[in-house]
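Single-structure report; data block below.
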Amino acid sequence: MDSNLKKWSAEFLGTFWLTLGGCGSAVLAAAFPGVGIGLLGVSLAFGLTVVTGAYALGPISGGHFNPAVSIGLAVGKRFPASGLPGYIISQVLGACAAAGVLYVIVSGKADFDAAKAFTGAGAFATNGYGAHSPGGFSMVSVLVCEVVMTAIFLIVILGSTAKRAAGAFGGLSIGLCLTLIHLVSIPVSNTSVNPARSTGPALFVPGAMGDLWLFWVAPIVGAILGAVIYNVLLSDE
């Protein structure tokens with residue numbers, strides 16, 4: 001198989017798994033009566049998708065599973081900019097496919113009510129601000145949160161995958177970082193730090209597309225900021 005096709009396939013599958021595992025935990029398991037996993041469980045689910053995806057698929061594609069991460073790694077000179085289009089398209093398609101599978105699962109429930117399932121803040125694991133923020137946070141709050149969290153995420157990724165780092169633990173470090181990011185920011189924005197993950201669920205929720213721009217702009221700005229901070233202040237390379 002062509003090398004690029006292998007990489008695009010890995011990014012598709014990794015982003016599919018991240019979106020299905022993370023968003024699926026929020027939609028299906030977070031509030032399940034009596035035994036729901038809650039915010040902590042959802043945060044762990046997102047982190048675990050990255051850990052498992054990084055070790056299974058990272059050796060093929062680098063395990064980005066996130067357009068902002070790919071852009072940040074390109075800025076940090078860890079990934080060729082020429083590879084961005086193929087990666088970003090694969091990631092977005094993977095997230096959209098996962099959201100479609102999740103929709104089929106959710107709509108198969110005996111008492112499924114589309115009006116209830118796809119309305120309200122955070123419905124179907126969508127991201128949003130203002131009335132669409134789980135905690136009612138403003139656009140500025142959500143913007144700042146997403147930029148800062150993504151910047152930290154990129155610093156951790158670059159540090160964990162540097163030559164001086166303990167390479168075997170990179171995937172674990174990155175996954176735990178994403179878990180912590182979710183623990184902090186789910187109430188604010190339902191946590192994106194990943195434009196692809198935000199795009200998939202938004203396709204199915206009326207009104208969610210109106211907020212989607214922020215969850216492309218903020219993570220990308222944050223990723224670039226994190227890459228610049230790491231390269232200027234922290235890198236030995």
Side-chain angles (χ1 to χ4, degrees), residues 15 18-19 22-23 25-26 30 38-40 42-47 49-50 64-76 78 84 88 91-92 95 120-160 173-203 205 207-235:
T15 315
L18 184 151
T19 305
C23 296
S25 72
L39 186 153
L40 175 59
V42 173
S43 301
L44 284 170
F46 271 101
T49 62
V50 169
H64 302 182
F65 316 145
N66 182 338
V69 168
S70 295
I71 291 170
L73 290 175
V75 172
R78 299 281 189 87
L84 287 174
I88 292 173
Q91 291 156 358
V92 172
F124 200 58
T126 52
N127 304 113
Y129 55 85
H132 297 148
S133 159
F137 287 85
S138 70
M139 182 182 73
V140 172
S141 294
V142 171
L143 181 67
V144 170
C145 184
E146 288 288 325
V147 168
V148 172
M149 293 296 171
T150 314
I152 295 297
F153 193 34
L154 256 292
I155 291 170
V156 170
I157 290 170
L158 290 167
S160 299
S173 172
I174 294 165
L176 288 174
C177 180
L178 188 61
T179 297
L180 178 55
I181 286 170
H182 278 78
L183 286 172
V184 174
S185 61
I186 285 177
V188 180
S189 64
N190 224 15
T191 310
S192 172
V193 301
N194 184 335
R197 167 263 182 271
S198 296
T199 301
L203 296 175
V205 178
M209 295 296 288
D211 290 2
L212 185 60
W213 67 270
L214 188 148
F215 299 101
W216 275 86
V217 172
I220 289 173
V221 170
I224 293 170
L225 181 62
V228 170
I229 290 172
Y230 186 85
N231 273 8
V232 173
L233 299 178
L234 305 172
S235 178

Are any of the side-chain heavy atoms of Ser133 and Asn190 separated by less than 4.5 Å?
no
Side chain to side chain donor-acceptor pair (under 3.5 Å) partners for Asn127, two or more places apart
Arg197, Ser198
With Ser173 via side chain to side chain donor-acceptor pair (under 3.5 Å) - residues at least two apart:
Ser160
Does some side-chain heavy atom of Thr19 sit less than 4.5 Å from a side-chain heavy atom of Phe65?
no
Those residues that, when tested against Thr191, pass side chain to side chain donor-acceptor pair (under 3.5 Å) (two or more places apart):
Ser185
Which residues pass the ring-ring contact (aromatic ring centres under 6.0 Å, His included) test with Phe124, sequence neighbours left out?
Phe118, Phe204
Under the side-chain contact (heavy atoms from CB on, under 4.5 Å) rule, collect the residues that match up with Ala208, sequence neighbours excluded.
Thr126, Ala202, Val205
Which residue pairs satisfy the ring pair (Phe, Tyr, Trp, His ring centres under 6.0 Å) criterion with at least one member in residues 177-196, sequence neighbours excluded?
Phe46-His182
Pair up each side-chain donor or acceptor in residues 221-235 with any protein partner under 3.5 Å, not counting sequence neighbours, and list the distances.
| unit_1 | atom_1 | unit_2 | atom_2 | d |
| --- | --- | --- | --- | --- |
| Tyr230 | OH | Arg164 | NH2 | 3.3 |
| Ser235 | OG | Glu237 | N | 3.0 |

Taking only residues two or more places apart in sequence, or in another chain, which ones meet Val50 in a side-chain contact (heavy atoms from CB on, under 4.5 Å)?
Leu18, Ile174, Leu178
Hey, what do you get for NE2 (His132) to OG (Ser189), rounding to the nearest 0.5 Å?
14.0 Å
Just jot down the side chain to side chain donor-acceptor pair (under 3.5 Å) partners of Ser70, sequence neighbours excluded, or say none.
His64, Gln91
Which residues pass the side-chain contact (heavy atoms from CB on, under 4.5 Å) test with Leu39, sequence neighbours left out?
Ser43, Leu183, Ile186, Pro187
Criterion side-chain contact (heavy atoms from CB on, under 4.5 Å) on Thr15 and Asn66, from CA distance to verdict
CA-CA 7 Å; Thr15 315; Asn66 182 338; over 6 Å; no
